[in-house]
Amino acid sequence: MKTITFATLVAAAMLTGCSSSKTIAPLTSLAGEWTIEKIDGNAIDKKAGDEVPFMGFDTTAKRIYGNTGCNSLTGELKADNGKINLDNMGSTRMMCADMTNERKVLEALGKVKGYEIDAKGNLLLTNAQGKEVILLVKKK
């Protein structure tokens, strides 16, 4: 009997240890405008481009909008249970003097498959493996 109880406790501990400590953020937590601070762990150069890149999420109308640093973004918000689909995003096609942030933002958006809110309240857009691709900070 003691062997069965011990084995049950070990199995329960192993399952608990394997579970994720991340909580899936509700869709409403994305609402509002967010400044893009980092892409692939590297800080955005806020002096490059015409504007500071940002993303806005209208969770009521299910729309995404923003700016890459040069061009405007728009699209349908398709997100649920920590997963997000940015495949149907569109943008204006202007040329700017510095397209550095534009290129980085568009490349990063192509990798995004999920989202979560970190302990500091930042929005993390993640790839299919759950690795952070874009870090966004809520605009005040």
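Nothing here was measured: the structure is a model prediction, and the numbers come from that model.
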Under 4.5 Å between side-chain heavy atoms, counting indirect links through other Ile/Leu/Val/Met/Phe/Trp/Tyr residues: same cluster for [X] and [Y] or not?
X	Y	answer
W34	L86	yes
I36	L106	yes
I117	F57	yes
F54	L135	no
L123	I64	yes

Nearest heavy atoms of [X] and [Y], plus distance in Å:
X	Y	result
L27	A79	CD1-CB, 3.6 Å
P53	T68	CG-O, 3.6 Å
P26	Y115	C-OH, 4.1 Å
M99	C70	SD-SG, 3.7 Å

Can you measure from [atom1] ([X]) to [atom2] ([Y]) and round to the nearest 0.5 angstrom?
X	Y	atom1	atom2	result
E132	D118	CD	CG	8.0 Å
L125	L136	CG	CG	5.0 Å
I84	T126	CD1	OG1	9.0 Å
K104	L109	NZ	CG	14.0 Å
K140	K138	NZ	NZ	10.0 Å
R63	D58	CZ	CG	9.0 Å

(request) Considering only NZ, NE, NH1 and NH2 on the basic side and carboxylate oxygens on the acidic side, decide whether D40 and K131 come within less than 4.0 Å. (result) no
(message) Check this for me, if you would: do E37 and K46 make a salt bridge, where the nitrogen-to-carboxylate-oxygen distance has to be below 4.0 angstrom?
(response) yes
(request) Output yes when a side-chain donor or acceptor of N101 lies under 3.5 Å from a complementary backbone atom of D45, and no otherwise. (result) yes
(message) Using side-chain heavy atoms (C-beta onward) and a distance below 4.5 Å, is Y65 in contact with M55?
(response) no
(message) Could you tell me if the side chain of L124 sits less than 4.5 Å from the side chain of I134, heavy atoms only?
(response) no
(message) Strictly by side chain to side chain donor-acceptor pair (under 3.5 Å), give each pair with a member in residues 80-92 just once, sequence neighbours left out.
(response) N71-T92
